[in-house]
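Any value given below was found using the heavy atoms of this structure, including those in side chains, with hydrogens, waters and symmetry copies removed. Throughout, protein chains are lettered first and strands after them, A, B, ... in sequence-line order, and every chain is numbered starting at 1.
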Amino acid sequence: MEKYCPQEIEKKWQTQWDKDGIYTTVDNVPDKKKYYVLEMFPYPSGNLHMGHVRNYSIGDVLARFKKMQGFNVLHPMGFDAFGMPAENAAIKHGVKPADWTYDNMDNMIRQQKQMGLSYDWNRLVQTCHPDYYRWTQYLFEVFYKKGLAYRKKATANWCDSCKTVLANEQVIEGRCWRCDSPVVKKDLTQWFLKITDYADTLLKDLDKLPGWPNRVKTMQDNWIGRSEGAEIIFEIPDFAEQVTVYTTRPDTAFGISYMVLAAEHPLVDKLIKGRNDESLIRSFIERVHNQSELDRTSDKSEKEGVFTGAYAINPFNGEKVPIWIANYVLFEYGTGAVMGVPTHDSRDWMFAGKYKLGKKIVITDAENQLTLDRMTDAYVDDGILVNSGEFTGMNNRKAIPAMIDWLEKNGCGKRRINYRLRDWLISRQRYWGAPIPVIYCEKCGTVLVPEKDLPVKLPEDVKFDPGVVSPLAHSEAFVNCTCPQCGGPAKRETDTMDTFICSSWYYMRYADAKNTKAPFDRALVNSWLPVDQYIGGIEHAILHLLYSRFFTKVLKDAGLVDFDEPFTNLLTQGMVIKDGSKMSKSIGNVVSPEEIIGKYGADTARLFILFAAPPERDLEWSDQGVEGAWRFLNRIWRIVLHFSTEIKENKQTDISLLTVKEKELRRILHVTIKKVTEDIAERSNFNTAISSIMELVNAFYAARDESLQAGLINETATDLLLLLAPFSPHITEELWQKLGKSDSIHKAAWPVYDVEATIADEVEIVVQLNGKVREKITVASQITADELKKQALELPRIKELTEGKTIIKTICVPKKLVNIVVK
RNA sequence: GCGGAAGUGGCGGAAUUGGCAGACGCGCUGGACUUAGGAUCCAGUUCCCCGUGAGUGCAGGUUCAAGUCCUGUCUUCCGCACCA
């Protein structure tokens, strides 16, 4: 018998499929429902790693399965090709970022093709190509025209290693998401996208995503961080000024004993000017302002403050309270000013304790009369208001709206909803990104580059020496231009866009990847989107997935698309682990996909990675597990070729002639079809789908000496190959052709199970005594409950065990068990 | 601190609706074939004191019946965290 040699057959079929164009997708096929399956496109680092292999294998199974089920499937691939590694390579090795990137993409495409993935390569998207970033720039202008892109001077997160600023989402525990170095603050004028305008919609519409993991939705919910509360205005009579605080606990307002401003608060300057301790206060402010994100958010960072000397008036009771400045108040959140209620807020308790500020109880538990000397921390629970003027005696939950009403009536405050989410900082001081299409003219100010002049192309005469400004600033030819409005001399914006912008709309471009007139045709994008199944790593739970949702909503409001959520179903795959930790070069536990594919073939690699764990869970790499997958494919190869003579007769099963054993094999076949279909379609549990195919193969082996009917052999082998085709596309195609089947197996229809065939004539029933298994009997599957009971009670062993005992009741579960309860 | 997910053999994992815990694979043991086997095929493999035994992190509860439901608790992983 010919040996299974994946190295030969995989290459052969990849070439053949490519030649026949079997994965080319046609738009709008009548009487076929669309199905859009998408894996997150990779950064072109140069080589695929196992995480990619896992990601693409999952997507490919779904794409092939849906195609066999008769859907018109869109399954594209592309590259998130802008980004710093290309530029760093340029600095280090003197290669052009474009050359480095395109070489890497070529290599990765070669590796992807080696995997036998069913992509329509005609729709390849590369975000660094001018034909793509032209439309990224165009979409920036859409945002700008809608007032959703603006420039402001702000304190930004700066990564000194990457030499660029970062968005809040890209700072992980005070460190850079990409290189892990500490983030420092820097005051810069930067471009922002107004994602905060969509905070509420982004939050509410999470409810429209039942196909997303709760984990991801919760993370986005936390990130948006909606809170309901009130603004309270305090008068500062000595300065004829006002200061507004934000609080979620207006019910504690009668307990205010001080208030605090953030160091950056604009009022600070006025309050401290001319005081004899002004310089001391200023040095404190300076220190707080320069505290890094890392220091400020570390758990044990001490609360520090300084008194401004000024006082504000609590509008509720007219009390004069001191105004402090402290490091724990963030300027970016709320109003940058808070009220201090030591008795009912733990932070305030600590701060007031340290600086000997007054404490007054305004909420008490009805039973345990609180007293200050018995308190060791703030009382933050619900209770009854005391010392609170006209609100005394009220339940604090009810007091909240009542007190806000009072504020509104008296003009000293109002209801307010606040979000933790901040606007998206998109400027990057780097070369290898899409240039922001803006021109600064002395006369006309900020002017968009006219659409006809897009793309603003990256210059090539650049030195890659990143600093506080982009390398683009050093290219005179790039910077100097004429104003599109007045024709006078002007300068270009030299920052490029965050690459997360490029990846926020690429999934739409696939619908119409070659359009030169628009980012995409409206009808086409609406016909393919939203993505039916999106697959990628959990690390994008907030970043890419939040930005993409934001983009989709803005483009909908701009009339460019008709849908308001980009991804209907989301599957977050687990990591690939080896020896207990994530594969990484520094640990030295990396297994190279190319090596595995070279040794065993893509079919084995795919099969193992899908079999070893369900997709959401982390997957422990096992060389022995790969051997197991390899053995299984060889087992299939042998059993199918063993029966090649019978299969080539191409007969149908004659059901009327089936023996008991044949009937059982056919039953297992149809149960397997049912199971595999449901596991893929309803649960994305490929591991159990594969294990049931293995069971079928085991049954096929067990029956191989039974001189089986040729029709049944043909049916079993054919369906077996069809069921395995999405997982291991090459071996199934090879065997399909060897057996003389016509056309490609990947154009064949998915098998449908025969309900009749899945029903067994006889079933084994468990007989329990007080819930414990004591005996088993085989009975006709259609047996009545009464007859089953009778037979169970007549079993010798059951008779023996129930001897002299009273039967209280008997429970019958059809086709499963009988439980006899005795005393 | 807040929020989320998960704890099952030697290992990866299965049990989808409360109904035989451990499917399938790995590993291990034995057998067959063989000059040979690290190939292949077949069988066995939760544990133990080996029986009316115990067993799904732990302690209770509901039920004829619990990995699955309820209460409490521990551990691990992940996210957010001075957000007022």
Atom pairs and distances, side-chain donor-acceptor, residues 569-576 of chain A, under 3.5 Å, sequence neighbours left out:
from: A/Asn569; atom 1: ND2; to: A/Asp532; atom 2: O; distance (Å): 3.0
from: A/Gln573; atom 1: OE1; to: A/Asn55; atom 2: ND2; distance (Å): 2.9
from: A/Gln573; atom 1: NE2; to: A/Gly51; atom 2: O; distance (Å): 3.2

Response to the item:
Output field dot_bracket for RNA chain B (Watson-Crick or G-U, both distances under 3.5 Å, | for other-strand pairs) contains (((((((..(((......[....)))((((((.......))))))(((..).))..(((((..]....))))))))))))....
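Among residue pairs with one or both ends in residues 681-693 of chain A, those qualifying as salt bridge (Lys or Arg N to Asp or Glu O under 4.0 Å) are A/Asp679-A/Arg683; sequence neighbours excluded.
Remark: A/Arg667 engages A/Glu664 in a side-chain hydrogen bond (donor to acceptor under 3.5 Å, both in side chains) (not counting sequence neighbours). Residues meeting the side-chain hydrogen bond (donor to acceptor under 3.5 Å, both in side chains) test with A/Thr155, sequence neighbours left out: A/Asp187. For A/Ser581, the side chain to side chain contact (heavy atoms under 4.5 Å, CB included) partners at least two apart in sequence or on another chain are A/Ile587, A/Asn589. By the side chain to side chain contact (heavy atoms under 4.5 Å, CB included) test, A/Val243 pairs with A/Phe234, A/Ile236, A/Met259, A/Leu261, A/His265, A/Leu267, A/Ala337, sequence neighbours left out. For the side chain to side chain contact (heavy atoms under 4.5 Å, CB included) test, residues two or more places apart in sequence or in another chain that qualify with A/Gln624 are A/Ser622. Not counting sequence neighbours, A/Phe686 has no partner by the ring-ring contact (aromatic ring centres under 6.0 Å, His included) test. With sequence neighbours excluded, no residue satisfies side-chain hydrogen bond (donor to acceptor under 3.5 Å, both in side chains) with A/Glu706.
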Response to the item:
B/S/- along nucleotides 4-19 of chain B (protein heavy atoms under 4.0 Å) is S-------BSSSB--B
Under 3.5 Å, which protein N or O atoms sit close to an N or O of nucleotides 47-54 of chain B? Give each pair with its distance.
none

